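Below, read A as the first sequence line, B as the second, and so on, with proteins coming before strands; counting in each chain starts at 1. These numbers were taken from a predicted model, which means no experiment stands behind them.
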Amino acid sequence: MSHNGSTFRYLGKGHRLIEGLEKITGNAKYAGDLSLPGMLHACLVLSPYAHARIVAIDRSTAQAAPGVVAVLTADDLPTRDRAVNSRHSAVLAKDRVLWRGQPVVVVVGETEAAARDAADRVVVEYEPLTPIIDVQKAAAPDAPVIWPQGLPKEGADLTAAHAAVDKGEQETTGAPSNIHDEVHFVRGDVERGFAEADVVIERVYRTPMVHQGYLEPHASVAEPDLYRGGVTVYTSTQGQFSVRDEVARLLSLPKHKVRVVPMTIGGGFGAKYGIIDPLVAAVAITVKRPVRLVLTRTEDFLSTTPSPAAIVELKVGARADGTLTAIQARVLMDNGVFPFTLGGIVGILLGGYYKCPNLRIDCYEVLTHKPQAGAYRAPGAPTATFAIESTIDDLARALGHDPLTFRLQNAAETGDPMGNNDPWPHIGLKLVLERLRDHPAWKDRQVGPNEGVGIAIGGWPCGMSPAASICRVDTDGTVRIHVGSVDISGVNSSLVLVVAEILDIPPEQIELIQGDTRSGPFAGPSGGSQTTYSVAGAVAKAARAVREKLFEIAADHFEVSVADLELRNGMVSVRGFPDKAVSIGTLAAIAESKAGGPGPIIAEGSAAVSENAPGFVAHLAKVHVDPETGQVTLKQYVAIQDVGFALNPTMVAGQIHGGSVQGIGWGLYEAMIYDEYGQLLTASFMDYNLPAFDQVPDIEAVLVENPSPYGPFGARGVGEPPITAGAAAIANAIRDATGVRMTELPIRAEALWRAMREQINGQSSTPG
Amino acid sequence: MATITVTVNGKSYTSEVEPRTLLVHYLREHLNLTGTHIGCDTSQCGACVVLVDGVSVKSCTMLAVQADGANVLTIEGLAQNGQLHPLQEGFWECHGLQCGYCTPGMIMAAYDLLQQNPEPTDEEVRHGLEGNLCRCTGYHNIVRAVQYAAAKMRSEEVPA
């Protein structure tokens with residue numbers, strides 16, 4: 001693989017997962033696998049109501065049950081005085097319950113079974129209150145308001161909040177409202193734009209709350225430090241520093257007294273940033289023993305943070321020549337009971353994929369009595385992409401243009417405005433469309449009866465954050481690299497290749513050490529496709545500094561100048577004198593014993609990337625639709641992605657396979673469905689349909705390498721983009737196969753069957 | 001309490017268990033074999049699959065007392081004398097795992113599948129493993145991993 005004129009030995013070549021051995025032998029330790037001496041087990045009592053007042057809690061029977069150590073409510077924990085204004089801070093409910101599944105009581109037992117038995121014996125008396133479930137009703141001006149006095153502020157409990165006049169909680173209007181935030185983007189004049197259009201398509205799209213569906217439910221073990229008054233938390237998390245900060249804040253502890261150890265994580269996808277850790281830490285400190293809490297799958301569905309539901313009213317106009325003239329959107333985000341703000345990202349992408357002179361996007365963040373929404377892989381992007389890419393497809397169709405050419409004609413390029421009018425950094429949207437145009441799956445596409453082919457683009461801005469790393473060489477030649485980031489996706493298996501390349505040693509000679517909040521150099525949380533992009537720079541700097549030190553010692557050893565040395569296969573040698581060679585291990589030994597020398601070989605690297613490296617995709621789906629049942633079968637799936645430069649192509653392709661199937665989940669299978677009372681009807685894998693093995697085809701991953709100017713070796717973020725386009729590509733394929741335009745996700749057989757019936761009966765083909 | 005004798009990974013254990021103890025809890029909590037994972041409570045995900053007398057079983061659907069006298073194989077017992085089983089090798093070489101949480105159950109289910117069908121088509125692999133969920137890999141490389149193992153177990157050259 002050649003890149004920027006240089007040839008790499010390890011980078012750009014596939015390398016297997018470095019922690020694979022632990023994982024294939026059952027030896028990897030996930031948080032729930034941990035047992036500590038004297039450890040107790042916690043079990044939660046969850047609210048059966050979406051909205052109710054807690055009248056009384058009778059724990060006497062539970063407390064008397066065998067093996068029970070404690071039955072605790074909010075007032076028993078050191079978090080009791082913290083304001084309840086987010087999922088993290090809703091450690092246990094005070095006075096009121098605000099969503100079905102909110103933790104109310106925690107039972108601590110000698111065994112998990114004892115705790116669970118006793119949890120069933122806790123009697124909570126509720127006075128049910130009317131929940132606000134429908135997001136459109138919640139957003140209406142005359143709706144009852146969930147937080148009439150504004151969200152509780154820190155330093156004021158729920159009761160005090162009623163007396164306080166909080167400024168800034170209802171930032172946009174003065175009057176109390178369930179709309180907790182709003183974002184407006186304007187460019188040009190949309191009215192004029194629509195007047196200039198030859199075709200205008202206006203539709204309402206709906207996407208549901210979707211769960212991240214990691215296979216490992218939330219799990220955490222907390223061990224109190226009885227002497228120093230601190231706590232160590234062993235947890236399943238994407239960001240140990242984020243969890244540390246939140247646990248310290250909620251427990252009123254200085255940060256240095258909280259140590260968070262990230263265990264092997266069984267999937268996160270945006271959800272694992274300390275939802276249960278404050279509770280487990282508070283309980284451990286209260287009962288003065290180690291405590292483990294592992295959620296059941298149903299508890300996980302009920303009490304964690306799914307992605308927000310959304311309603312997107314979208315109107316797009318184009319001229320007969322294929323030029324877009326105006327994009328207008330009104331977006332309602334259903335965020336559950338505490339604020340979460342993705343509307344801006346939805347707007348940025350809705351108005352950012354294509355060049356368009358006139359734009360107006362209004363996004364409203366709405367509260368309802370559901371669990372607080374959270375991040376799920378490319379948060380907001382599947383929703384925005386489903387809406388814009390369905391409409392773009394139909395515009396092309398209405399104008400008689402080829403859907404790919406139409407996209408290529410309007411596709412955003414580097415410097416074009418995103419929805420919020422900020423310019424896109426360096427992007428490769430056109431490149432992925434061109435690759436798809438030339439791909440046989442598109443170029444030579446053929447469809448049989450009831451089959452259709454659909455395409456869609458998608459993108460993600462990709463995150464970045466400062467990070468540091470430490471690199472050191474041991475006397476046996478082992479190189480250790482320390483980071484404070486969490487590996488959720490194979491990141492570490494790419495980082496070792498960076499070190500291997502710089503020190504020219506096999507990756508097997510490198511150990512990557514994932515630090516906790518005490519031992520790890522700082523890194524941001526692993527989310528937003530930022531980790532490899534952000535941490536690799538720090539790792540490279542540390543490795544280069546180590547390389548310099550090795551050369552310095554070798555120059556002294558051979559009494560030559562550094563310029564005369566070369567590093568190859570872990571040996572430093574004098575150019576032209578192959579017998580004058582010394583291993584890096586020997587150099588480490590010299591450095592560790594030589595008085596007056598440079599000292600042991602260790603170096604640190606810090607990096608703070610200055611610009612994002614967005615990743616764009618073009619996906620193709622081929623479907624068969626059973627005309628009798630509406631059943632959709634995926635026949636083919638191609639995922640083309642600009643990855644910048646694939647540091648480890650094996651890991652990158654894996655991200656594309658997995659992300660694409662999650663996109664298929666958005667398209668055909670997944671939804672958190674709540675009834676009018678706020679009861680979750682899909683609280684298990686029996687009812688919540690993760691894409692199954694036999695429901696998806698092979699995913700053909702095509703890597704386009706369009707180097708980013710800022711990322712390490714040209715890399716871009718790769719984790720989020722693959723999930724963005726699937727739902728839209730599938731919807732467009734279904735349109736191609738049946739003539740029916742589906743506007744609500746997931747596209748289930750029954751809904752499609754009804755839409756096909758309506759079409760046959762000569763009615764509208766666009767429900768809603 | 002009930003007394004059971006179970007052979008797990010070739011070693012015999014006699015234990016006192018509550019009659020309601022699930023096999024998966026017995027393996028994890030009593031024998032500390034935490035390689036067998038729990039991903040759901042409705043027997044959908046397959047993270048807990050083990051072999052009982054050579055047949056794949058979701059160990060969350062079976063009571064420990066039902067395993068009395070049985071021979072159980074878990075992921076920890078699959079490698080022999082430090083030699084990885086072809087399935088373990090296949091999952092690693094073909095990147096058939098990411099977070100690794102579904103992997104032990106997936107491997108044990110695939111073990112049973114290959115016993116029944118040593119030369120499956122890709123479609124038969126997908127159908128045979130439809131009781132196991134994976135959220136990371138999109139299943140694509142798991143098909144490759146199982147085919148790698150199948151070829152190796154038939155002593156053929158592994159597919160590229």
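Taking CG from A:L215 and CG from B:L133, the interatomic distance works out to 6.0 Å, rounded to the nearest 0.5 Å. Separation of atoms NE2 (B:H25) and OG1 (A:T111) is listed at 10.5 Å; rounding is to 0.5 Å. Going from atom CZ of B:R28 over to atom CD of A:E112 covers 9.0 Å, rounded to the nearest 0.5 Å. The line from OG1 of B:T36 to CG of A:D33 is 10.0 Å long, rounded to the nearest 0.5 Å.
Judged by distance alone, with hydrogens and angles left aside, the side-chain atoms of B:R135 form a donor-acceptor pair with the main-chain N or O of A:Q212 at under 3.5 Å. Distance alone, capped at 3.5 Å, is enough to place a donor-acceptor pair between the B:Y139 side chain and the A:P691 backbone.
Considering only heavy-atom pairs separated by less than 4.5 Å from chain A, the leading option among B:G131, B:G35, B:C99 is B:C99. Between chain A and the options B:E89, B:H127, B:M106, B:R20, heavy-atom pairs under 4.5 Å are most frequent for B:R20. The greatest number of non-hydrogen atom pairs below 4.5 Å with chain B, out of A:R16, A:K23, A:E19, is found for A:R16. The candidate with the highest count of non-hydrogen atom pairs below 4.5 Å against chain A, out of B:L97, B:N132, B:D41, B:T103, is B:D41.
For A:I656, no part lies under 4.5 angstrom from a heavy atom of chain B. Residue contact with chain A, scored on non-hydrogen atoms closer than 4.5 Å, is absent for B:E123. Residue contact with chain B, scored on non-hydrogen atoms closer than 4.5 Å, is absent for A:A701. Using a 4.5 Å cut-off between heavy atoms, A:S660 makes no contact with chain B at all. In this structure, the portion of A:I265 lying under 4.5 Å from any heavy atom of chain B is its backbone and not its side chain.
Among all heavy-atom pairs drawn from B:E130 and A:F693, the shortest one is CA-CB, 3.9 Å. Considering all non-hydrogen atoms of both residues, B:E76 and A:G26 come closest at OE2-O, 4.0 Å. Listed here is the closest heavy atom pair of A:P217 and B:G39: CG-O, 4.0 Å. The two residues A:F269 and B:C136 have their closest heavy-atom pair at CZ-SG, 3.7 Å.
Around CD of B:Q83, the count of heavy atoms belonging to other residues, nucleotides or ligands within 6.0 Å does not exceed 12.
Taking the side chain as every heavy atom from C-beta outward, A:M651 and B:H95 approach each other to under 4.5 Å. Side-chain contact between A:T25 and B:L84 is present, with at least one heavy-atom pair separated by less than 4.5 Å. In this structure, B:T137 and A:H657 have side chains that are not in contact, with every pair of non-hydrogen atoms separated by 4.5 Å or more. Taking the side chain as every heavy atom from C-beta outward, A:I24 and B:H85 never approach each other to under 4.5 Å. In this structure the side chain of A:Q655 reaches within 4.5 angstrom of the side chain of B:Q98, judged on heavy atoms. Side-chain atoms of B:T42 and A:R297, non-hydrogen and from C-beta on, never get closer than 4.5 Å to each other.
Aromatic ring pairs are classed by plane angle as parallel below 30°, tilted from 30° to 60° and perpendicular above 60°; the pair B:Y101 and A:Y30 is perpendicular.
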Would A:D698 and B:R126 count as a side-chain contact (heavy atoms from CB on, under 4.5 Å) here? Give the steps. CA-CA 10 Å; A:D698 274 357; B:R126 286 184 179 274; 2.8 Å; yes

